[in-house]
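FYI, side chains are in, hydrogens and waters are out, and symmetry mates aren't considered; it's all heavy atoms of this structure. A, B, ... follow the sequence lines: proteins, then strands. Residue 1 opens every chain.
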Amino acid sequence: MKKRKERIDRGIKARSEDVFALSSFREMLYLLAPRALPVLGLLVFAPLLGAYWREILMSTAIYALLAMSWDMLVSVGLISLGQSLFYGIGSYVAGSLNHYLSWPPILTIPAATVLGGLICTLFLLPVVRLRGIYFAMVTLVLPLMLLRLVEATRILGGTEGLTGLDPFPGQLTAWYVLQAAVLVTLFGFRRLMGSDYGLIIKGIDDSDRSVMSAGINIHWYKAQVLFLGASVGSFAGACGTHLDMFAGMPGFALDYSIMPIAAAVVGGAGTFAGPLLGAFILVPLSEILRALGALRIVFYGVFLVIFVVVLPEGIFHYCRRKYHQIERWVEVE
Amino acid sequence: MSSETPLLQVKDLSKSFGGVMAVASVSFDLKRGELLGIIGPNGSGKTTLVNLITGFVKSDTGRILYEGRDITGWPPYKVVDLGIARTFQMVRPFYQLPAFKNLIVPLCSPRVKKLAGGRYGDRDAVALDLLEEVGFERDAFVSYKLAGALPQGYLKRLELAKSMALRPDLFILDELFSGLSLAEVAGIVPIIEKMRIQGKTIIMIEHRLKELFRIADRVMVLNYGVKIAEGQAQEVMEDEAVKKAYLGSEG
Amino acid sequence: MFLGTIVYGFINSAILALLSMGFNLTFGISGVANFAYGAVYIFSGFLAWILMHSWGVPYFISVLAAIFCSGCVGILMYYVVIIRVKGLSLSEVMATFGIGMAVMELFRYFDFVGFRYTLPVFVDGSLSFGEVYIDYQRVLIALIAVCLTGFIYVFTHHTRVGLAFRAIAQDERTALTFGIDSDRIGAFSMAFGSALAAVAAIVILPLGTIAVEGGYEVLINALAVCIVGGLGSTVGILVASVLIGYAQTFTANYLEPHWMILVSLIAIAVVLTVKPSGLFGRQKELEERI
């Protein structure tokens, strides 16, 4: 007598992925719980943590934003290896506005979000036209070159950076601003990708000539997505700058590239919740492993490879599948 | 615009790929409401001609006029915006999406918005209607199936529906019949005939001559990128050059 | 001064060409972008150093061993990792990027930082051209760059394996039907690219010290040259190397040395706006087979 594992979808899905037929509060709760979890977790319970962990969760939020921005770009087929470009640009824009024009954070952050997004989009616009790995190459090279440019020309404070910037009005404010941004990005991007606009985006990734022959200017859409992703990244950079009260060369460093990518891949690309989950796993983990120094980046690298090769769908997809399916052993003749 | 102006004029169009002339100074006119068949052996430049007209490939020389307007070198999305829609020989639907969701992308195009007076309406409903029109049985819920799970015949019809969703004036159908059974072709022919009744202009590229000749007003033959004959199906097939080039041993 | 600039510009170009050749070759043959390229570069440098200083192996043998081992690392990377994600460009990029990152940071962790990590020059001494003095190592770099370019040209155009390479590069599926094993060629391309990185490391590293940052530097330079020249085109790589190499040397000599980085940046910016696929690149804007 042999047994095999049977997997059955829970019977609330109707017609397609996002349309459900609910018949009880239990089923509604079943759908709502995973969505309410991040909201409650971030806004209500986490402030109860000590100042140290709150600090860490804030940098987690910054990485999570960068990871979601990466995910947005991937959804249209652009593989970015340089999230630090977005972070660095946002950081320098906010820093300069604060340092040279003494704008308060409440103005610099929105300005850096929009301006940073625009600058990055302009930088990368030519490459957006190309398929394949060109985007990855250029995004990897650009921040590292900009870093050396700042070092060589001594503009924007040179190697010293811009120091003594205004901090957030208070830690709790910073906390709520960041977590709200994470939630808005998460649900906003998910909503966007679920809409008809999202269909076009995914279509471009899937078969660009089909979208092109449907009378849609794919370059324009790619530029829009690039702007969205870059803005979120720049926002993260601006917030990080005011948290650290410093804008400088580390903003362009590889840490801000590799960590978000690792988070997105580990969590599961294409869902926005995956990268968020990945960031909330990897960043605190790296904090615990702080003693290891450079070895942490080795771990990210190894994580990245393992997940890409062994579990390419990522943790989130895996969990979601388990959540939506009933598994049981059945006998087979 | 006078009614005599051809809908589409192609003048001396040429394109070479690394020394090979794919299309060599081809010219033809297309009247409104006409169905032009383009035939020719494999590699005779038919698909390249389509790619040139629709802007997917830039021509080396020559001009393309649509309603008297020079559209040479326009990008594909602008060409579509004018009202030229095409299908692809190799279908590439969005496999992970249900069939009707495949039509959302063309239904989001600026052209559809313009035609509908700035509003899109319920795209899902429009998509389902369109699919029913091309023969996706509504009772069997074929439209809700993932495109990846559909057989070739449905995918070809989906491809046709995608172009119909754009409500173009000129259809360019690239080997729509290839890979289909006789019964499936017989299912598509009425759709094309209905388009003609609606006054649409159609260019069909085909290998299935028998089926094509039944519906085509005029046929053009390409060989090695050169137009070797044009006219009524019967006349064209009598032409010595065509016999030699196309039918080879049979002729 | 001017003659010196010309000569050193040529050597700088040769260095850039050597650095980018391996990356370009691997991509040109199997379409795999090896983002672990910089890591392989410093790996071979450190390996040669360890062999020579810790184990006392003679220079020639350790150099050959380093080149050979780098080739093997390339093969290993292909069969262990890349083969599982072949064709998924996202996964390929992520995997090679992760490997490179892990290897380089591992070296940093083991504290391979400092001035003592240098490779000896091949031959000591220098040569003079009028008033320009130039050491033999730089002459050697130029010579090797020229020879390797010639070799690669002959290899890809006139040998069986080389022709198979080009067949794969053009159309993998058709090549498969002709009985060309694309996996073996892919592994070979990784080995070849990695070995080229090792050769570059062996001849270029004696000019400075072996450092982890050097790995990133190499990757940036290789990518910059490939972006400007056009990925997958050997001619493009050469032209881009000469362009950037001379521009850098002129900037360093007539303006200020630390403006050099600006040259690559401007070159990338200009090329990307004028011809996004690079000077000689044929990167498609749309997927193939319309």
Honestly, the part of B:Pro168 sitting under 4.5 Å from a heavy atom of chain A is neither
Highest number of heavy-atom pairs under 4.5 Å with chain A among B:Lys78, B:Gln96, B:Arg111, B:Glu159 belongs to B:Gln96
A:Phe316 meets the ring-ring contact (aromatic ring centres under 6.0 Å, His included) criterion, sequence neighbours left out, with none
Scored by heavy-atom pairs under 4.5 Å with chain B, the best of A:Leu199, A:Ile200, A:Asn217 is A:Asn217
Check whether more than 12 heavy atoms from other residues, nucleotides or ligands sit under 6.0 Å from atom OH of A:Tyr221, and answer yes or no.
yes
For B:Ser109 and A:Ala214 the tightest heavy-atom approach is CB-O, 3.0 Å
Cut-off 4.5 Å, heavy atoms of chain A, and the answer for B:Val91 is backbone
Geometric cation-pi criterion A:Arg320 and A:Tyr323, 6.0 Å radius, 45° cone: no
A:Phe307 meets the ring-ring contact (aromatic ring centres under 6.0 Å, His included) criterion, sequence neighbours left out, with none
Under 4.5 Å to a heavy atom of chain A? For B:Leu97 that would be side chain
